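The structure appears below as structure tokens.
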Amino acid sequence: MLFLKLRVYQKHPLHLRETGGCLIVLILALGWALAAYVRGREIRRMKSSMKSGNSFAFLTLDINELEHSNQANLPRVTVVMPLKGFGEHNLHNWRSQITSLYGGPLEFLFVVESTADPAYHAVKCLLADFKDAVEAKVIVAGLSTTCSQKIHNQLVGVDQMHKDTKYVLFLDDDVRLHPGSIGALTTEMEKNPDIFIQTGYPLDLPSGTLGSYCIYGYHMPCSMGFATGGKTFFLWGGCMMMHANDFRTDHHCVVSGLRDGGYSDDMTLAAIAGAHKRLITSPPVAVFPHPLATDLTFPRYWNYLRKQTFVLESYTTKVNWIMNRALFTSHCYLSWGFVSPYVMAGIHVAAALRHYLKENSLEGTVMTCNGLLLVACLAVCTVIELLSMWNLTRIEVHLCNMLSPEAPQLSLASYNWCLVFIAMLVDNFLYPLSAMRSHLSQSINWSGIRYHLKDGKICKIDRHKHLVPKITDLAGKDLLGKQGSIPKVAIISTLSRTLAQWRQPKKYNI
């Protein structure tokens, strides 16, 4: 019997690993619960404002801010959108951006690499429909030589912004804004001049493929850092509002830091903010619907993951390098720490089945019981985690519906939670592999352009026709088109479908 107890004790290190996995799962559940509380608090504030007679709570909680005297004094904002390719959701996203209900002077700068980009002709057709109703133009930036093409497009846009612009808002072309988003971001900047950057985060809408659910599973843990309702250390390049003068004066070297070898806009700016102890905030209303491509395949998900892990190889300072290495190590450890308990649980279940199919000793019975107990604990923790994840998604869907009452309402009905669980296992298993490959290769193919890093900065850029993929990863955007253009029939039919969706009756099935 003493020998049996000794053998049971020797198994404890494995049990501790499984217990650690349960702890990771519970920490995720707690993080999502806190994020849900912050987003839910904003919903309650909006409902309270609506009960008080403010039917424009989706724009502002203080209806007095909509008075003409206040609107006339709003600062000028320039929205810079670097574009690459044309996909199924682009027209809807662009329309949501240029139809903002911001009351102050507002200009939109769509920046493309060349007129051969399919996005150039698509956005030209869209702006032609609005004519003089929107202050917007398309800018051809040319090829980047010292930084990523996206950063190059952003800096060219900043160079051509209006001289009276006070704030510049960088948006990705896959961001679907709410009518009051620009106003909400600007209001926070006006309230607190110490804010260096304001950011937001996407709410992924999976299309049904495993690849799209893997993207959702990858983004959800990161969403905790953006659901603080205020100060954060995280930054998402899809939505960044900054002071225009920071770019005019190259304050904190924001221009030179991006231009001279910059690969990732958000990682570079976050590093600058950290080095100079500047404030980054994320207001609770800055959550944006992000529909994923209906044909998002698993290989395209892998390409996207490779680009996400590659950003940890870029850095600006020694401190930034240390921070990235810490993120690299901790993320890899936690990812496999999340997956390993489920692997061990599978082994325990297999051992239990084998035990009941064959006659075993008392020792085997004790170990099987201990293993099944841990499997049961892990199952309970997993259910709690998925419920917390579902609750945060439900609240964010509800918040997005309240912030965009004119748009077709989002729903949780299409989410497959079995696929969500599988996708989380797949994503966490693949993340360390992708991170290690990025570390060893020091180069990446981003939308047909291969960037090479040296000492954390871009040192070489390769452009060859064979590098250009047919479509991009998430939005499934066409990068080549036909002679740089899109058939007019396709444009007209897509616009018609977009208008039809926009005007269809609302559905409130949350």
Side-chain angles (χ1 to χ4, degrees), residues 59 65-66 68-83 93-113 115 117 119-120 123-124 126-142 144 147 149-173 175 177-193 195-200 237-259 265 269 286:
L59 294 179
E65 293 182 1
L66 298 179
H68 176 73
S69 57
N70 291 326
Q71 295 284 297
N73 295 322
L74 289 174
R76 172 175 278 272
V77 176
T78 295
V79 181
V80 177
M81 286 167 282
L83 307 182
N93 296 339
W94 296 339
R95 187 178 292 274
S96 73
Q97 293 166 1
I98 63 178
T99 54
S100 169
L101 295 182
Y102 178 65
L106 184 63
E107 70 170 339
F108 297 89
L109 304 180
F110 295 87
V111 190
V112 296
E113 175 186 303
T115 56
D117 193 314
Y120 175 81
V123 75
K124 276 282 189 180
L126 177 64
L127 296 183
D129 285 353
F130 286 88
K131 296 181 180 178
D132 298 329
V134 176
E135 185 180 345
K137 61 181 178 180
V138 184
I139 300 172
V140 179
S144 64
C147 59
Q149 187 65 46
K150 178 184 177 182
I151 289 177
H152 176 69
N153 288 10
Q154 290 173 326
L155 294 180
V156 169
V158 166
D159 285 341
Q160 298 196 32
M161 65 184 174
H162 195 279
K163 61 182 180 65
D164 296 327
T165 292
K166 187 174 183 180
Y167 302 114
V168 57
L169 174 61
F170 298 106
L171 291 177
D172 282 355
D173 60 0
V175 174
L177 285 186
H178 306 293
S181 293
I182 296 177
L185 293 170
T186 306
T187 298
E188 292 299 318
M189 296 290 278
E190 290 288 282
K191 286 181 180 177
N192 187 359
I195 294 176
F196 182 52
I197 309 174
Q198 271 202 107
T199 188
C239 174
M240 302 184 298
M241 177 173 276
M242 302 181 64
H243 295 269
N245 279 338
D246 287 344
F247 288 90
R248 294 190 180 104
T249 62
D250 196 15
H251 190 45
H252 297 321
C253 298
V254 292
V255 174
S256 54
L258 289 167
R259 181 191 58 218
D265 53 339
L269 291 172

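Every value quoted in this text rests on a predicted model; they were computed, and no experiment measured them.
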Using atom types as modelled and distance alone, determine if a side-chain donor or acceptor of [X] lies under 3.5 Å from a backbone N or O of [Y].
X: His243; Y: Ile195; value: yes
X: Glu107; Y: Val79; value: no
X: Asp250; Y: Asp246; value: no
X: Thr99; Y: Arg95; value: yes

ring-ring contact (aromatic ring centres under 6.0 Å, His included) between Phe170 and Phe247: does it pass, once the steps are laid out? CA-CA 13 Å; Phe170 298 106; Phe247 288 90; 5.5 Å; yes

Rounding to 0.5 Å, atoms CG (Asp172) and CE (Met240) come to a distance of 8.0 Å

With a 4.5 Å limit on heavy-atom distance, are the side chains of Tyr120 and Phe110 in contact? no

Asp265 side chain near Pro82 side chain, heavy-atom distance below 4.5 Å: no

How would you list, by chain and number, every residue that makes a side-chain hydrogen bond (donor to acceptor under 3.5 Å, both in side chains) with Thr165, sequence neighbours excluded? Thr78

Under the side-chain hydrogen bond (donor to acceptor under 3.5 Å, both in side chains) rule, what do Asn153 and Gln149 come out as? Steps first, then yes or no, please. CA-CA 6 Å; Asn153 288 10; Gln149 187 65 46; 2.8 Å; yes

Check Leu169 against Ile182 and note the closest heavy-atom contact, atom names and distance. CD2-CG1, 3.9 Å

Contacts of Lys163 meeting side chain to side chain contact (heavy atoms under 4.5 Å, CB included) (sequence neighbours excluded), chain-then-number -> none

Does the distance from a Lys or Arg side-chain N to an Asp or Glu carboxylate O, for Glu190 and Lys166, drop under 4.0 Å? yes

